[in-house]
Amino acid sequence: MTAVVIDGRAFAADLRTRIATLAAEFEAKAGRKAGLAVVLVGEDPASQVYVRSKGKSTIEAGMASFEHKLPADTDQATLLALVEQLNADPAVDGILVQLPLPRHIDEQTVIATINPDKDVDGFHVTNAGRLAVGQPGYVPCTPLGCLMLLKDKLGDLAGLDAVVIGRSNIVGKPMAQLLLAESCTVTVAHSKTKDLPDVVRRADIVVAAVGRPEMVKGDWIKPGATVIDVGINRVPAATEGKTRLVGDVDYAGAAEVAGAITPVPGGVGPMTIAVLLRNTLVAAWRNAGLNLPADAI
Ligand code: NAD
């Protein structure tokens with residue numbers, strides 16, 4: 001193995017320490033804690049775990065957590081009324097509606113109802129537009145976390161060839177926008193891309209956000225490239241009945257050629273909640289009309 005392992009867990013822990021310091025500073029200045037409201041509709045087990053973990057991390061960072069758990073048969077009007085109530089609540093800086101929502105509720109309508117200045121997930125079209133034209137807003141947590149890891153590892157990204165595999169609104173597209181804003185030459189690959197291995201071989205930076213276990217092979221990677229693996233895939237483990245997590249990249253193969261690579265787990269995964277806390281704190285400072293120290297987080 002030649003690649004340096006990018007330790008997302010350590011980076012996220014350090015980021016959370018800096019966030020906690022600034023959260024205390026915010027509380028002293030504003031006379032209240034920064035607040036994140038998380039809304040969960042229904043009992044999806046994975047969503048319950050995420051919501052619990054987000055609430056716990058929010059409190060650990062010295063911010064206020066407001067959890068709203070609604071039954072699976074909640075109608076859309078009731079959910080929209082709750083979002084409006086949170087929009088109007090001065091104690092709430094960030095609003096996150098946990099996805100997926102039950103099928104009878106239209107996700108886009110719910111996201112569109114969140115005040116863009118409280119949309120710490122960065123899913124509102126206003127924030128997607130702000131990112132596209134280079135205005136301050138909120139960027140989805142996972143791609144912003146990937147960018148932080150890349151800049152920490154590589155410094156200036158200008159002029160580098162970046163290939164993003166995947167074009168979802170949550171990961172691939174905002175990742176491509178962020179890399180473009182850093183003056184990378186960006187290619188977005190997807191399920192219809194021809195000769196994907198050849199496209200990936202051009203890349204100094206590869207971001208894989210596909211959802212297919214170990215799809216990106218070691219011989220697709222340019223020697224010395226930096227590989228960011230967003231994928232979280234559960235596959236059968238060697239022990240019968242057990243499962244293990246793998247990324248979208250064949251880690252063992254890619255680590256032989258890459259210059260640096262994120263592992264799964266322990267790479268991009270821990271960054272997502274840390275960036276959610278970061279976005280919430282940025283929202284708190286902005287919403288209170290205070291100036292966050294430049295480049296603080
Ligand atoms: P998605 O299903 O919305 O999008 C997948 C993308 O991959 C699509 O744009 C599709 O065009 C592309 N794709 C599918 N098959 C392909 C192929 N054979 N070749 C090239 N491209 C192909 O998924 P998503 O929400 O963007 O998530 C992607 C992965 O990242 C998943 O494994 C997900 O679990 C993971 N994820 C991780 C985090 C985290 O916190 N680390 C957050 C979000 C998503």
Side-chain angles (χ1 to χ4, degrees), residues 5-13 15-16 38 44-47 49-54 57 96-101 107-108 111 120-123 128 131 138-150 162-179 186-203 206-217 219-221 227-235 243-251 254 261-279:
V5 179
I6 299 175
D7 186 347
R9 208 169 270 146
F11 189 98
L15 178 58
R16 282 158 74 148
V38 179
D44 177 68
S47 295
V49 172
Y50 292 142
V51 166
R52 207 174 309 132
S53 168
K54 285 167 187 172
S57 305
L96 181 154
V97 178
Q98 184 66 44
L99 303 179
L101 288 167
E107 284 184 358
Q108 286 308 321
I111 292 168
V120 286
D121 252 343
F123 294 165
L131 175 62
Y138 297 97
V139 177
C141 302
T142 301
L144 185 52
C146 294
L147 184 75
M148 287 179 179
L149 294 178
L150 282 167
V163 172
V164 179
I165 319 173
R167 56 172 161 184
S168 70
N169 290 337
I170 293 172
V171 189
K173 280 185 211 161
M175 188 74 242
Q177 294 284 4
L178 285 168
L179 291 166
V186 183
T187 303
V188 184
H190 46 77
S191 54
K192 300 283 192 287
T193 296
K194 283 185 280 181
D195 303 325
L196 183 61
D198 278 345
V199 172
V200 175
R201 274 186 202 109
R202 294 203 295 260
V206 180
V207 181
V210 185
R212 288 178 179 252
E214 301 176 319
M215 185 190 81
V216 177
K217 304 301 178 199
D219 65 0
W220 299 15
I221 305 296
V227 179
I228 304 290
D229 190 350
V230 183
I232 301 178
N233 308 291
R234 203 164 271 289
V235 298
T243 59
R244 66 191 175 97
L245 289 183
V246 297
D248 291 342
V249 178
D250 167 18
Y251 182 79
I261 186 167
T262 57
V264 176
V268 174
M271 292 300 290
T272 300
I273 289 187
V275 176
L276 173 67
L277 301 176
R278 180 248 173 226
N279 283 355

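Remember, it's 1-based here, ligands and their atoms both numbered in the order they're listed. What you are looking at is a predicted structure, and each value in this text was computed from that prediction instead of being measured.
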**OP:** Collect the protein residues that have a non-hydrogen atom under 4.0 Å from ligand 1 and hand them over in chain and number order.
**Re:** Thr142, Ile165, Gly166, Arg167, Ser168, Val171, His190, Ser191, Leu196, Ala209, Val210, Gly211, Arg212, Met215, Val230, Gly231, Ile232, Asn233, Val268, Gly269, Thr272
Original post:
Closest heavy-atom contact between Val199 and Lys194?
Top reply: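 Nearest pair, atom of Val199 first, then Lys194: CG2-O, 3.8 Å.
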Original post:
Do Asp121 and Leu99 come within less than 4.5 Å of each other through their side chains, counting heavy atoms only?
Top reply: no
Subject >> Check: Pro100 main-chain N/O paired with Glu107 side-chain donor or acceptor under 3.5 Å >> reply: no
Original post:
Does Asp248 use its side chain to pair, donor to acceptor, with the backbone of Asp229 at less than 3.5 Å?
Top reply: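 No; judged by distance alone, with no hydrogens or angles, the pair does not exist.
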**OP:** Please lay out, stage by stage, how Val246 and Tyr251 fare under the test side-chain contact (heavy atoms from CB on, under 4.5 Å).
**Re:** CA-CA 8 Å; Val246 297; Tyr251 182 79; over 6 Å; no
Return all side-chain donor-acceptor pairs below 3.5 angstrom for residues 207-217, not counting sequence neighbours, or 'none' if the list is empty.
| unit_1 | atom_1 | unit_2 | atom_2 | d |
| --- | --- | --- | --- | --- |
| Lys217 | NZ | Glu214 | O | 2.6 |

